[in-house]
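Notes to accompany the following structure.
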Amino acid sequence: FTMPSTDAWAGYFAQAGTTLSDNPSYLLLALGSFPIVAVVLNVLNQFLPKDRTRPPVVFHWFPFIGSAIHYGMDPLGFFLSCREKYGNVFTFILLGRKVTVALGAAGNNFILGGKSNVFNAEDAYTHFTTPVFGKDVVYDCPNDKFMEQKKFIKYSLTGDRFREYVGMITEEVEGFIKKDETFAAYQANSKEWAKFDAVETLSQITILTAARTLQGKEVRDNLDKTFAHLYSDLDGGFKPINFLFPNLPLESYRARDRAHKKIADFYIDIIQKRKSGTTENVDDVMGYLMQQKYRNGQQIPDHEVAHMLIALLMAGQHTSSATGAWATLHIAENPELVEVMYAEQVKHFGNPDGSFREMTFEEMRDLPVLDAVIRETLRMHPPIHSIMRGVREDVPVPTSLASPDKEGGVYIIPKGNYTLASPIMSQMDPSIWVHPERFETARWTDPEGFAKQALRTYDDKDGEKIDFGFGLVSKGTESPYQPFGAGRHRCIGEQFAYLQLGVVLTTLVRHLEMKLGAPFPGNDYTTMITMPLAPRDVYYRRRPTAV
Ligand code: HEM
């Protein structure tokens, strides 16, 4: 067999072109068979001898689409089946992107502990986050500038401010159950059971409490009016389709962009009024950011303050509301646990007339049952199941990371790929957690509990602390428990989220008995943040003691 010459190929194509244009049915046939040819070539290509320095590629029928459907519908199931076939390190195709996964605690450490000029977050996220958050913040600026922004935000979310937040959040939740129509049975003092949708209710409560605390009075007051639909339009930009296609000529994209502009303008207007003295300067997060300077001496420009505030609200909204919804469903599934949480409240804060005194921030951190409920919810339902980075340089991975019996070799993850670490895989791993599929608060409350033992094995050997530019944090990249990520991109909202979730859950428990009316819901992975599938109703009844 000899390859035809270039001229011969040109002749064949010219001939084929003439035949096709002379006879349209050939053209249709040729076009119609194109997908079949593409599938066949794609499959054949996967059976050709492999470059052994590359991680194995997950078998897929369709080019471009790759494993998007299996991963998108059931990431945990997808990772488990891939681990069985390929080990802990493999590459899959996600709508044209090559994504190399490193599973397990060692995989998380490899990716999250890597250098940011090699494993880069901006490359993985900016197309998706910048239209929502805005320019010059988070992933739309150099990493060291973002680390300074994280430091400003982290320092604005501590101490005295947190102390005030407890009262504000309690007031919002109580106001909600006293006014919202979902809680009509509560308001009517009825002894009957009624229901609320866990996702709907917890997302509304989350945005109200986050706006009141993080965004300030002006924003909270407007949330009942024009802002609700603007936030919903902006939120429409946080869907998987936006992750895959940053800009499409669709109304939801235009609505996202309009909403971003209006909200940012609204914040900038408040900032300017505060600066000019037209309105009072308030000691809130906005006020704090307005006073800060970057290391180069530059004051944070108004639009960056506005964009950071939007980022704060959006980063916390889905993550906290999903966790709140899952936690409410888990406690309602086990009405005894609702009562144990209630007893914990009575013991620490109960008044003789059945009312409660306000918790302080410090006291709240010392409630083992509440703490265990939140921790266990985050173990089973980390809202961010996949953490991605863009690969900026060819990176060697020891093959022993893929499997202990592959000692001694290396794979190269090529520049241009993406990498993925999955907290949910290590948090649901049966070799680390006893019965990981069970919601067991005892994992965390028993001093010799199995969760603590599992974690101790992996805890950073010497409790190593690092400053990536936003204050000292424990390295944490080796832990199999990472609902808040680890390393340079670790969450700075963790303490706020615990505070918000803690006050929301205890306020509900103080006023309501709860139970489930249907089997526990499964996972909806098709939303960016894993949500419970409908129906996800929680049945509630007003406590006889509620005041
Ligand atoms: C980063 C989870 C709440 C702000 C992260 C990351 C995770 C996470 C996994 C790491 C992402 C990565 O490495 O790519 C959560 C969970 C929350 C929560 C589970 C609630 C239960 C919040 C809240 C805020 C917030 C309330 C704001 C007040 C941030 C910010 C980052 C971050 C600014 C830094 C991103 C980076 O450095 O790249 N979060 N988060 N989060 N989170 Fe959260």
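All ligand and atom numbering here is 1-based and tracks the order in the structure. These numbers were taken from a predicted model, which means no experiment stands behind them.
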Would [X] count as being in polar contact with ligand 1, using the rule that some N or O on each side must be under 3.5 angstrom apart?
{"X": "S320", "value": "no"}
{"X": "Y125", "value": "yes"}
{"X": "T323", "value": "no"}
{"X": "Q482", "value": "no"}

Aromatic centroids of F361 and Y165 separated by under 6.0 Å: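 Between F361 and Y165, which both carry aromatic rings, the centre distance is not below 6.0 Å.
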How does [X] reach ligand 1, if at all, at less than 4.0 Å between non-hydrogen atoms: by side chain, backbone, both, or neither?
{"X": "K150", "result": "side chain"}
{"X": "P483", "result": "backbone"}
{"X": "F484", "result": "both"}
{"X": "Q495", "result": "neither"}

P383 to ligand 1, any heavy atom closer than 4.0 Å: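 For ligand 1, residue contact (heavy atoms, under 4.0 Å) with P383 is present.
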Number the atoms of ligand 1 from 1 as they appear, then name those within less than 4.0 Å of a heavy atom of [X], with their elements.
{"X": "Y139", "value": "35 (C), 36 (C), 38 (O)"}
{"X": "I492", "value": "30 (C), 33 (C)"}
{"X": "I384", "value": "2 (C), 7 (C), 8 (C), 9 (C)"}
{"X": "A497", "value": "20 (C), 21 (C)"}
{"X": "F496", "value": "26 (C)"}
{"X": "R389", "value": "12 (C), 13 (O), 14 (O)"}

Electrostatic pair K262-D265, nearest N-O below 4.0 angstrom: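 Salt bridge absent between K262 and D265.
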Specify the protein heavy atom at minimum distance from [atom]: its residue, its atom name, and the distance to 0.1 Å.
{"atom": "atom 27 (C) of ligand 1", "answer": "L312 CD2, 3.4 Å"}
{"atom": "atom 24 (C) of ligand 1", "answer": "G493 CA, 3.6 Å"}
{"atom": "atom 4 (C) of ligand 1", "answer": "A315 CB, 3.6 Å"}
{"atom": "atom 26 (C) of ligand 1", "answer": "G316 CA, 3.5 Å"}
{"atom": "atom 3 (C) of ligand 1", "answer": "T319 OG1, 3.5 Å"}
{"atom": "atom 43 (Fe) of ligand 1", "answer": "C491 SG, 2.3 Å"}

Candidate pair N523 and H381, rule side-chain contact (heavy atoms from CB on, under 4.5 Å), full reasoning: CA-CA 9 Å; N523 291 292; H381 310 280; 3.9 Å; yes
Does any donor atom in the side chain of [X] or [Y] lie under 3.5 Å from an acceptor atom in the other side chain?
{"X": "S479", "Y": "Q482", "result": "no"}
{"X": "T100", "Y": "T91", "result": "yes"}
{"X": "T441", "Y": "T445", "result": "no"}
{"X": "Y71", "Y": "S386", "result": "yes"}
{"X": "Q317", "Y": "D235", "result": "no"}

Quiz item: cation-pi between R97 and F243, 6.0 Å / 45°: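 Yes, cation above the ring, under 6.0 Å and within 45°.
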Pairwise distance CD(E393) to NZ(K415) - rounded to 0.5 angstrom: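 One finds 8.0 Å between CD of E393 and NZ of K415.
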Criterion side-chain contact (heavy atoms from CB on, under 4.5 Å) on L499 and V166, from CA distance to verdict: CA-CA 7 Å; L499 171 82; V166 176; 3.7 Å; yes
Closest to atom 10 (C) of ligand 1 (judged by heavy-atom distance), picking from H489, R488, K154: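 Ranked by closest heavy atom to atom 10 (C) of ligand 1, first place is H489.
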Parallel, tilted or perpendicular, as decided by the 30° and 60° cut-offs, for the rings of Y125 and Y139: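 Geometry flag for Y125 against Y139: tilted rings.
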Among R274, K217, R220, salt bridge (charged side-chain N to carboxylate O under 4.0 Å, His left out) partner for D284: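 Result for salt bridge (charged side-chain N to carboxylate O under 4.0 Å, His left out) with D284: R274.
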